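All of these numbers come straight from a predicted model, not from anything done at the bench.
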Amino acid sequence: MATITTWFTLGLLGELLGTAVLAYGYRLVPESTRRRYLLLVAIPGIAIVAYALLVLGVGTVQTESHTVYVVRYVDWLLTTPINVLFLGLLANAAREDLVKLVGLQALTIVFGFAGAVTATPLSYGLFGLGALAFAGVVYLLYGAVDDAAGRALSDLELSLYRTLRNFVVVLWLVYPVVWLLGLAGIGLMDVETSSLVISYLDVVTKVGFGLIAMYGLSTISSRGGQTATARPADD
């Protein structure tokens with residue numbers, strides 16, 4: 001148990017440091033994007049609360065076979081929709097697509113949690129529903145939202161959108177693998193190892209996403225604040 005607490009403590013420190021760096025970066029990004037940029041600061045900021053509770057041993061439920069860290073799912077339910085919302089806003093996506101992105105991403109987490117607290121075979125059915133919801137998120141990010149970005153953004157902005165999108169999609173695919181290999185799934189990964197992997201992933205995805213965005217936005221600003229340039233839909 002002490003090992004798990006160690007991983008949670010390291011995760012907390014990572015989120016604290018990341019939030020501080022991203023908060024410092026607020027003044028580096030273009031003024032026109034600062035309101036949206038606050039979403040990036042909020043992501044690890046929310047995680048600080050979650051990891052503090054995990055370190056204190058608060059927010060868990062015990063199933064017949066394993067412990068489920070509820071605050072971890074609450075963290076993801078709040079932060080991962082913010083991630084996709086930021087991507088949608090960056091791409092100037094339609095409001096309808098923004099609602100779909102946020103809703104589907106929230107369903108991904110809800111079904112993942114439901115699967116974690118139920119017994120097999122229902123747990124795998126709920127996990128599958130979560131996977132379908134995430135597939136919908138990926139479909140939108142590489143489809144309608146990418147099309148919107150291609151039409152509305154400058155080359156630098158479009159490059160930033162696609163870098164951030166690929167970053168989160170690839171890393172988020174690791175989470176369901178951990179779910180399946182962990183005690184909620186087939187049980188090949190013990191709770192200490194899954195806690196280590198998830199803590200590491202949480203810091204990389206939340207803080208890394210923000211740092212890439214901060215660097216990209218500050219670069220755009222330093223190059224004269226290249227703004228959206230309309231382009232043909234098939235560009």
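At least one donor-acceptor pair closer than 3.5 Å links the side chain of Thr219 to the backbone N or O of Tyr215. Looking at Arg72, its side chain never comes within 3.5 Å of a backbone N or O of Ala50 through a donor-acceptor pair. Under a 3.5 Å cut-off, the side chain of Arg36 and the backbone N or O of Phe86 do not form any donor-acceptor pair. Under a 3.5 Å cut-off, the side chain of Ser195 and the backbone N or O of Val191 do form a donor-acceptor pair. Although no hydrogens or angles enter the test, the distance criterion places no donor-acceptor pair under 3.5 Å between the side chain of Glu15 and the main chain of Leu12. The backbone N or O of Ser123 lies less than 3.5 Å from no partner atom in the side chain of Thr120, so there is not a single donor-acceptor pair. The backbone N or O of Phe134 lies less than 3.5 Å from a partner atom in the side chain of Thr108, making a donor-acceptor pair. Trp179 contributes a side-chain N or O that, together with a main-chain N or O of Gly112, makes up a donor-acceptor pair within less than 3.5 Å. Put simply, the side chain of His66 never gets that close to the backbone of Gly185: no donor and acceptor are under 3.5 Å apart.
Within the model, atoms CG of Leu181 and CD1 of Ile186 stand 5.0 Å from one another, a figure rounded to the nearest 0.5 Å. Atom CG of Leu89 and atom CZ of Arg95 lie 9.5 Å apart (nearest 0.5 Å). Atoms CZ and CG, from Arg162 and Leu141 in turn, are 12.0 Å apart once rounded to the nearest 0.5 Å. A distance of 10.5 Å separates OG1 of Thr9 from CH2 of Trp7, quoted to the nearest 0.5 Å. Considering OG1 of Thr163 and CG of Leu158, their distance stands at 9.0 Å, rounded to 0.5 Å. Taking CG of Leu78 as the start and CD1 of Ile46 as the end, the distance is 5.0 Å to the nearest 0.5 Å.
Between Thr60 and Val70, every side-chain heavy-atom pair lies at or beyond the 4.5 Å cut-off. No side-chain heavy atom of Val204 sits less than 4.5 Å from a side-chain heavy atom of Leu201. Here the side chains of Val168 and Trp172 are in contact, with some heavy-atom distance below 4.5 Å. Inter-residue side-chain proximity for Val178 and Ile198 is flagged as met; some heavy-atom pair is nearer than 4.5 Å. Between Leu40 and Met214 there is no side-chain heavy-atom pair separated by less than 4.5 Å. Residues Tyr124 and Leu180 meet the side-chain proximity criterion, which asks for heavy atoms closer than 4.5 Å.
Checking Gln62 against Thr67 by side-chain atom types alone, a donor-acceptor pair falls below 3.5 Å. Side-chain contact annotation: Asp202 with Ser199, donor-acceptor N/O pair under 3.5 Å absent.
Residue Val55 comes nearest to Thr5 through the heavy atom pair O-CG2, 4.1 Å, listed as atom of the first residue, atom of the second, then distance. Listed here is the closest heavy atom pair of Val117 and Thr63: CA-CG2, 3.9 Å. Nearest heavy-atom pair across Ser65 and Leu183 is OG-O, 4.3 Å. The shortest non-hydrogen separation linking Gly18 to Val207 is CA-CG1, 3.6 Å. A pairwise comparison of heavy atoms in Ala116 and Ala184 identifies CA-CB, 4.2 Å as the closest pair.
Val84 is not connected to Tyr139 by any chain of hydrophobic side-chain contacts under 4.5 Å among Ile, Leu, Val, Met, Phe, Trp and Tyr, and they are in different clusters. Hydrophobic clustering (ILVMFWY, side-chain heavy atoms < 4.5 Å, transitive): Ile220 and Leu28 are in distinct clusters. Both Val197 and Val169 are members of a single hydrophobic cluster when ILVMFWY side chains are connected at heavy-atom separations under 4.5 Å. When the side chains of ILVMFWY residues are joined at heavy-atom separations under 4.5 Å, either directly or via intervening members, Val68 and Leu188 end up in a single hydrophobic cluster. There is no path of hydrophobic side-chain contacts, each under 4.5 Å, that joins Val29 to Tyr24.
Not a single ring-ring contact (aromatic ring centres under 6.0 Å, His included) links Phe111 to another residue, sequence neighbours left out. Legend: residues meeting side-chain hydrogen bond (donor to acceptor under 3.5 Å, both in side chains) with Asn83, ordered by chain and number and at least two apart, are absent. Residues passing the side-chain hydrogen bond (donor to acceptor under 3.5 Å, both in side chains) test with Tyr142, sequence neighbours excluded: Asn166. Partners of Tyr51 under the ring-ring contact (aromatic ring centres under 6.0 Å, His included) rule, at least two apart in sequence or in another chain, do not exist in this structure. For the side chain to side chain contact (heavy atoms under 4.5 Å, CB included) test, residues two or more places apart in sequence or in another chain that qualify with Val41 are Thr19, Leu22, Ala23, Tyr37.
By the 4.0 Å N-to-carboxylate-O rule, Asp75 lies close enough to Lys206 to be salt-bridged with it. Using a cut-off of 4.0 Å between Lys/Arg side-chain N and Asp/Glu carboxylate O, Asp146 and Arg165 are scored as salt-bridged.
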Query - Step-by-step side-chain contact (heavy atoms from CB on, under 4.5 Å) determination, Leu196 to Thr3 - result: CA-CA 9 Å; Leu196 167 62; Thr3 302; over 6 Å; no
Query raised in the report: Between Tyr69 and Leu53, is a side-chain contact (heavy atoms from CB on, under 4.5 Å) present by the stated rule, with each step listed?
Result: CA-CA 10 Å; Tyr69 297 96; Leu53 293 173; over 6 Å; no
Query - Intermediate values then yes/no, side-chain contact (heavy atoms from CB on, under 4.5 Å), Ser221 and Leu217 - result: CA-CA 6 Å; Ser221 178; Leu217 292 172; over 6 Å; no
Query raised in the report: Run the side-chain contact (heavy atoms from CB on, under 4.5 Å) check on Trp76 and Phe113 step by step: do they pass?
Result: CA-CA 10 Å; Trp76 294 339; Phe113 172 73; over 6 Å; no
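Counting non-hydrogen atoms of other residues, nucleotides and ligands closer than 6.0 Å to OH of Tyr200 gives a total of 12 or fewer.
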Anything under 3.5 Å between a donor and an acceptor, one on a side chain of residues 96-107, the other on a protein residue two or more places apart or in another chain? List them.
from, atom 1, to, atom 2, distance (Å)
Glu96, OE2, Lys100, NZ, 3.4
Gln105, NE2, Thr80, OG1, 3.1

